[in-house]
Amino acid sequence: MEKNEMKELYKSMYNKHIVEGKDTEVMKIWGEKEKEFVCEMIEKYPDCAKKYIIGLESAIEAKDWNNYVSKNEMEKIMSTLMPSAKWSREEVIDACCKLGVPYENKPKWNTCALVVVMNMTNSDHRDTLLKFVTDENTYVTLVYNLAVDKLEDEDRPCFLREYFETVIW
C-alpha cells in the first residue's frame with residue numbers, strides 16, 4: 001500500500017469511527033491500538049513521539065479555552081518573534097501582580113496566551129507605542145490592555161492557536 005493510500009484509508013476510518021462514530025467499543029479498540037502505536041513510537045522515535053504527546057496534551061487542554069497555549073508552545077512562538085520577546089512568563093506574572101490585574105481569565109485566555117500576545121503586541125507595535133508612551137509602567141499597562149483586548153475580541157474569540165498554527169505544530 002502506498003503512502004497516499006494509507007493516509008486516505010486512515011482518514012476515512014478516523015472519520016467513520018471517531019468523528020462520526022457512536023460505537024464506544026470501536027473507540028476503545030481504536031484507543032488501544034493508538035496506545036500500542038505510541039508506545040512503539042516512544043521506543044523507536046522518541047523525539048517524534050514526544051512532539052505528538054505534547055501536541056495532543058495541549059490540543060486537549062485547549063478545548064476548554066478560547067485562547068490557550070502551553071508553556072512549550074509559548075516558548076516556540078516567542079522564539080519566532082522579530083524583534084525578540086521582551087518579557088518572560090515570570091516577568092508578565094510579576095507585572096500583572098504589580099498592576100493588580102489578572103494574568104489568566106478562564107475560559108478566555110491562559111497565562112501563556114497573555115505572554116505571547118503581550119510580546120506579539122510589543123514586537124508589532126513598539127515603535128508606534130513609544131511615540132506616545134515614555135515610561136515603562138505606562139508602556140506595560142498599555143501593552144497588557146491591548147493584549148487583553150485582542151484575547152477577548154468577540155469578533156475573533158479563538159484566534160491564537162490558528163494564528164500560530166505553523167509554529168505550534
(request) Name all pairs fulfilling the side chain to side chain donor-acceptor pair (under 3.5 Å) condition that reach into residues 150-159, sequence neighbours left out, sorted by first residue then second. (result) N105-E152, W109-E152

(request) Give every residue pair that meets the salt bridge (Lys or Arg N to Asp or Glu O under 4.0 Å) criterion with at least one member in residues 15-34, sequence neighbours excluded. (result) E32-K35, K33-E36

(message) Quick check for you: to the nearest 0.5 Å, what is the distance between N145 atom CG and D149 atom CG?
(response) 6.5 Å

(message) Once rounded to the nearest 0.5 Å, what's the spacing between atom SG of C112 and atom CE of M78?
(response) 9.0 Å

(request) Measure the CG-OH distance between L9 and Y14 for me, rounded to the nearest 0.5 Å. (result) 15.0 Å

(request) Taking all non-hydrogen atoms of both residues into account, name the closest pair between L114 and C96 and its distance. (result) CD2-SG, 3.9 Å

(message) How about CD on E5, more than 12 heavy atoms from neighbouring residues, nucleotides or ligands closer than 6.0 Å, or not?
(response) yes

(message) Tell me whether D127 at atom CG has more than 12 heavy atoms from other residues, nucleotides or ligands lying less than 6.0 Å away.
(response) no

(request) Can you sort out the partners of N72 under side chain to side chain contact (heavy atoms under 4.5 Å, CB included), two or more places apart, ordered by chain and number? (result) I54, S70, K76

(request) For Y10, enumerate each residue passing the ring pair (Phe, Tyr, Trp, His ring centres under 6.0 Å) test, keeping only those at least two apart in sequence or located in another chain. (result) W30

(request) Nearest 0.5 Å please: distance from the CD atom of E73 over to the CG atom of L160. (result) 9.0 Å

(request) State whether the side chain of S12 and the backbone N or O of E8 hold a donor-acceptor pair below 3.5 Å, judged by distance alone. (result) no

(request) Working to the nearest 0.5 Å, report the span between SG of C48 and CD1 of I53. (result) 10.0 Å

(message) According to a hydrophobic-cluster definition based on side-chain heavy atoms being under 4.5 Å apart (Ile, Leu, Val, Met, Phe, Trp, Tyr only), do I18 and F37 belong together?
(response) no

(request) Check whether W65 and F164 end up in the same hydrophobic cluster, where Ile, Leu, Val, Met, Phe, Trp and Tyr are linked by side-chain heavy atoms less than 4.5 Å apart. (result) no

(message) Against Y68, only a single residue in K63, K108, K106, R161 fulfils side-chain contact (heavy atoms from CB on, under 4.5 Å); can you say which?
(response) R161

(request) Return the set of residues passing side chain to side chain contact (heavy atoms under 4.5 Å, CB included) with K86 (not counting sequence neighbours), or none when no residue passes. (result) N119, N122, R126, E136, Y139

(request) Mark yes or no for whether S123, through its side chain, and M82, through its backbone, hold a donor-acceptor pair below 3.5 Å. (result) yes

(request) Under the side chain to side chain contact (heavy atoms under 4.5 Å, CB included) rule, collect the residues that match up with I93, sequence neighbours excluded. (result) R89, C97, Y103, T111

(request) Report the C-alpha separation of Y144 and T121 in whole Å, then their side-chain angles, then the decisive distance to 0.1 Å, and conclude whether the side chain to side chain contact (heavy atoms under 4.5 Å, CB included) test is met. (result) CA-CA 9 Å; Y144 171 85; T121 301; over 6 Å; no

(request) Spell out, as yes or no, whether a donor-acceptor pair under 3.5 Å connects the side chain of E162 to the backbone of F159. (result) no

(message) Do the side chains of E40 and K44 get close enough for a salt bridge, i.e. N-O under 4.0 angstrom?
(response) yes

(request) Measure from the side-chain N and O atoms of N67 to the backbone N and O of A113, and report whether any donor-acceptor pair falls under 3.5 Å. (result) no

(request) Give the intermediate values and the outcome of side chain to side chain contact (heavy atoms under 4.5 Å, CB included) for residues V140 and K98. (result) CA-CA 11 Å; V140 172; K98 287 176 187 168; over 6 Å; no

(message) Can you confirm whether P107 sits close enough to D64 that some side-chain heavy atom of one is under 4.5 Å from a side-chain heavy atom of the other?
(response) no

(message) Let me check something: do V38 and L56 share a hydrophobic cluster, defined by ILVMFWY side-chain heavy atoms less than 4.5 Å apart, either directly or through other members?
(response) yes

(message) Does E61, at its CD atom, have more than 12 non-hydrogen atoms belonging to other residues, nucleotides or ligands within less than 6.0 Å?
(response) yes

(message) Count I, L, V, M, F, W, Y as connected when their side-chain heavy atoms are under 4.5 Å apart, and connections chain through other members. Are V19 and V26 then in the same cluster?
(response) no

(request) Verify the cluster assignment for L99 and M118: are they in a single hydrophobic cluster under the rule of side-chain heavy atoms below 4.5 Å apart? (result) yes

